4 protein chains.
Amino acid sequence: MSLVRSRAIAAKAPDPTRRNQQSRQAILRAAFELCSERSYEGTSVEAIAARAGVGKQTIYRWWPSKGAVVMEALNDVVGAASDFPDSGDVIADLRRQMTAVTTLLSSPDFGPVYTGVIGAAQSDPAVAEALAAQIINPRVDACRKRLERAREAGEIRADADLDAAVELLYGPIYHRLLLHTRPPSAEQVNTVLELAFTGLGPARA
Amino acid sequence: MSLVRSRAIAAKAPDPTRRNQQSRQAILRAAFELCSERSYEGTSVEAIAARAGVGKQTIYRWWPSKGAVVMEALNDVVGAASDFPDSGDVIADLRRQMTAVTTLLSSPDFGPVYTGVIGAAQSDPAVAEALAAQIINPRVDACRKRLERAREAGEIRADADLDAAVELLYGPIYHRLLLHTRPPSAEQVNTVLELAFTGLGPARA
Amino acid sequence: MSLVRSRAIAAKAPDPTRRNQQSRQAILRAAFELCSERSYEGTSVEAIAARAGVGKQTIYRWWPSKGAVVMEALNDVVGAASDFPDSGDVIADLRRQMTAVTTLLSSPDFGPVYTGVIGAAQSDPAVAEALAAQIINPRVDACRKRLERAREAGEIRADADLDAAVELLYGPIYHRLLLHTRPPSAEQVNTVLELAFTGLGPARA
Amino acid sequence: MSLVRSRAIAAKAPDPTRRNQQSRQAILRAAFELCSERSYEGTSVEAIAARAGVGKQTIYRWWPSKGAVVMEALNDVVGAASDFPDSGDVIADLRRQMTAVTTLLSSPDFGPVYTGVIGAAQSDPAVAEALAAQIINPRVDACRKRLERAREAGEIRADADLDAAVELLYGPIYHRLLLHTRPPSAEQVNTVLELAFTGLGPARA
DNA sequence: GGGTAATCGAGACGGTACGTCTTGTCTTAGG
DNA sequence: CCTAAGACAAGACGTACCGTCTCGATTACCC
């Protein structure tokens, strides 16, 4: 899985065996650094090439756009989607994972780069596709698998739509993150879990 | 509230009483049209000025950036946040309102412009602030007020955090919309309402 | 003559009796000051209006262009073309007058403004015409009149073309001034007078 | 001499071996054409770039200003300063050369472009320097060399300052050209030569 | 182990848009 | 009606990047 993971967006043609791995690393590193220092929008392909000590053509040979480069750089930073922990207590496991996410998103190094890429995805379908395929879906899948085990264990209603459940849990975090109403936080995670598992409705029976 | 709503971002200095309202309308109209025809990213200030028959300076005099113009145009299109309907059945009212939202977001005229502005908000703090203040918060407030009445009527648990509840309901829609996993839909609204009100946990008692 | 002298370029229409003389003076003064401080090119109508505490319209109402304003300001500074002195020695009189000219042209306050206006005259026929009519021709005339008296006194050949003679005397100064090969100087005046009166040819008979 | 002639003003930095000569020629050609059709002032860098089918940056990469471009274009048109003819009769040679100059300056294609550049030189020191170094000085030198031979041949006084003599001969032409009193002409050349060689003073001895 | 083909750094190129500046006209209030 | 103030349409300025292109100069594979 992880072998193909980080190349879907980069399908451009030339012989990958001749690729200079030092240049590739320098480019990804420069891209992430520049996005952290300035911002996603404030980072140009020219600047990435200059910082990496690389010709612009070397970037355009292997990636279709700035978004694709930063996408891949981001993916290198966060690493592969690991499976969810399974302690037997689904709420504790979700709390752990979701809290880690809000912490990462609040990091000044990572958060703005990530939201920058999501911003770029709104106007660049290739970035949007790569974002969903490489970053979001693997993590949604890992979460849904954990929820499936919880459902089998009776911790979750038997009739729950688990894809929708993942969106119900993470949606509020992205709502805050992307609409800039207030920052996501560990405290929010607790509230969301409580509401989502107990339900908004009045106590039943 | 709605008196000040649509000018927060435009604070730039010159005497507003001398402003040419025809130019203002032509600019907002041109901005929205161009964003609909091409895309947010594909629309330039130059093009807006040309389409509106206006000098570029007239745009830069009154707005700090393209994002601010489109923001205001969008706000004109969607109109003020109306109060939620109150039929006495909170779930029916939410379904009506949330379905209208997903329909609007799925419209090819409106959806891409809206996501474009949200994308711009990720790199432009002024746009982000205007988005929250002018578009999101008024609607969040309206929804929370309806939920408050529902809580008083016993349709919602007495201890529920209603701001979080709004995020719980709308977050899943924005999750799909902005992460481009799958489009928001009326069907999603039903699923979300069912899950959010009943809760993920197993039937109690 | 000198009553109408300085208005030829300004023929624009409105009733001159209603003209505010304080504004006129402030404009001319501001124009000359700004040209001295920055340069002719670096001075804009906006800046002149601002410095003079005057609306731009007040400038455009009375003058057709920046060149016309500076032209008139310059004319105020140098004053009317005075008659040449007549000591009975034409060469001494010319030396006095021409040396005064090179001194004025070398002044950092005046020289650059003057060459700036001559530069503007190369692209603006109205300025060119005003320059010739208001600045150059009156002085050429005064000089020619002095040469006429010298011719009558036998100091100058009876068959000399005196208009050409004036150009012969002042041309070398403007050659240096406008082609920027080397600055005009008092020393140049001596050389020019010597050459022009004695002639380049070998001593006759 | 003529090898280095046409690059003095263009010292801007980039590697000249990589320069696209087709673009260079297209730019110079477009610049001269536009200046002829409209005027020097009425010609913009944008228009030159558009007419030449070239990006603006390509102009700014190799020239510091519009003046520098037109300067070089002009220099290409007039060609290198040729040596003066030497028929043994210095007055005949000067008449030939100076008449050619007044003819060129009276040409509607060339004259206004040339005066436009001289106008620009009054506000742009770089253009002024290039004008002197590339256009004026080579021709002054060629003329002075011819006068030196004439002095050796006894056609000119042994004690004449020949640099001043060149200014004496050409100054009157530029006086008319740049102060716009009346146009330079072949007839003027005759008058100037007669006056300059014979002298203004009464017949000697 | 030499030939050849692709990648590499570098950077010029034709373009587009930026945000600023100035021009000359038009509009508004005040005297 | 003239004035100061300044908004307006127009459009050029010089800069920044875009994505493509052309250069030698290394590579690295194949014969």
Side-chain angles (χ1 to χ4, degrees), chain A residues 14-20 22-24 26 42-50 52-66, chain B residues 13-20 22-24 26 41-50 52-62 64-66, chain C residues 14-15 17-20 22-23 26 41-47 49-50 52-66, chain D residues 13-20 22-24 26 41-50 52-62 64-66:
Chain A
D15 179 356
T17 67
R18 310 206 48 161
R19 186 168 189 179
N20 182 332
Q22 273 172 288
S23 293
R24 178 178 175 273
T43 299
S44 66
V45 174
E46 304 230 344
I48 296 173
V54 135
K56 284 202 297 175
Q57 194 61 259
T58 302
I59 295 182
Y60 285 112
R61 185 161 18 240
W62 301 106
W63 291 274
S65 68
K66 176 180 76 167
Chain B
D15 180 355
T17 67
R18 312 204 46 166
R19 188 168 189 178
N20 182 332
Q22 274 171 288
S23 294
R24 179 179 173 272
E41 281 291 317
T43 298
S44 66
V45 174
E46 304 228 343
I48 296 172
V54 136
K56 285 202 292 176
Q57 194 61 254
T58 301
I59 296 183
Y60 285 111
R61 182 159 24 237
W62 300 108
S65 66
K66 177 180 74 168
Chain C
D15 180 354
T17 66
R18 310 207 46 159
R19 186 167 190 180
N20 181 333
Q22 271 171 290
S23 293
E41 281 292 316
T43 299
S44 66
V45 174
E46 306 231 343
V54 136
K56 285 203 298 175
Q57 196 58 259
T58 303
I59 295 182
Y60 284 111
R61 191 171 0 251
W62 301 107
W63 292 274
S65 67
K66 175 180 76 166
Chain D
D15 180 354
T17 69
R18 312 203 45 167
R19 187 167 189 180
N20 183 332
Q22 273 172 287
S23 294
R24 178 178 174 274
E41 281 292 316
T43 298
S44 66
V45 174
E46 303 228 342
I48 296 173
V54 136
K56 284 202 292 177
Q57 194 60 250
T58 301
I59 296 182
Y60 284 111
R61 181 157 27 235
W62 300 107
S65 67
K66 177 180 75 167

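Lettering of chains follows the sequences in order, A, B, ..., and the numbering in each one begins at 1. The analysis underlying the following values was restricted to heavy atoms, covering all of them including side chains, and did not include hydrogens, waters or symmetry mates. On a predicted model such as this, the values are computed, not experimentally measured, just so you know.
Closest approach of D/Ala49 and D/Gly55 over heavy atoms only: CB-C, 4.3 Å. Closest approach of D/Thr58 and D/Ser23 over heavy atoms only: CG2-CB, 4.5 Å. Contact detail for D/Lys66 and D/Val45: the closest heavy-atom pair is CB-CG2, 3.9 Å. Considering all non-hydrogen atoms of both residues, B/Ala26 and B/Ala52 come closest at O-CB, 3.5 Å.
Both cation-pi conditions hold for B/Arg19 and B/Trp62: the charged atom is under 6.0 angstrom from the six-membered ring centre and inside a 45 degree cone around its axis.
Nearest-nucleotide mapping onto DNA chain F: of B/Asn20 and A/Val45, the residue sitting toward the 5' end is B/Asn20. Each of C/Lys66 and A/Glu46 has a nearest nucleotide on DNA chain E; the 5'-most of these lies closest to A/Glu46. Both C/Gly42 and B/Ser44 lie close to DNA chain E; mapped to their nearest nucleotides by heavy-atom distance, the more 5′-ward contact belongs to B/Ser44. Toward the 5′ end of DNA chain F lies the nearest nucleotide of C/Gly53, the other residue of the pair C/Gly53 and D/Thr43 mapping further downstream.
Contact between the side-chain N/O atoms of D/Trp62 and the OP1/OP2 oxygens of E/dC13 is found at a separation under 4.0 Å. OP1 or OP2 of E/dG14 sits under 4.0 Å from a side-chain N or O of D/Thr58. Phosphate contact (OP1/OP2 of E/dT7, side-chain N/O of A/Ser23, threshold under 4.0 Å): absent.
Considering only the side chain of A/Arg61, E/dC8 comes nearest among E/dG9, E/dC8, E/dT25.
Paired runs in DNA chain E that reach 3 or more consecutive Watson-Crick or G-U pairs, where each pair keeps both distances under 3.5 Å, cover E:1-31 with F:1-31.
Here F/dT27 presents its P atom at 18 Å from CZ of A/Arg19, a figure rounded to the nearest Å. Per the geometry, OH belonging to A/Tyr60 stands 18 Å off C1' belonging to E/dT7, to the nearest Å. In this structure, CD1 of D/Ile48 is placed 16 Å from C1' of E/dG14, rounded to the nearest angstrom. Nucleotide F/dC18 holds its P atom 15 Å from the CH2 atom of A/Trp63, rounded to whole Å. Put simply, CD1 on C/Ile59 is 17 Å from P on F/dC2, counting in whole angstrom units. Protein atom CD of D/Gln22 is 18 Å distant from nucleotide atom P of E/dA12, rounded to whole Å. As rounded to whole Å, 18 Å separates atom P of F/dG11 from atom CD of D/Glu41.
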Return the polar atom pairs (N/O with N/O) between nucleotides 26-29 of chain E and the protein under 3.5 Å, or none.
from: E/dC26; atom 1: N4; to: C/Gln57; atom 2: NE2; distance (Å): 2.3
from: E/dT27; atom 1: O2; to: B/Arg18; atom 2: NH2; distance (Å): 2.9

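Residues that satisfy the side chain to side chain donor-acceptor pair (under 3.5 Å) test with A/Glu46, not counting sequence neighbours, are A/Lys56.
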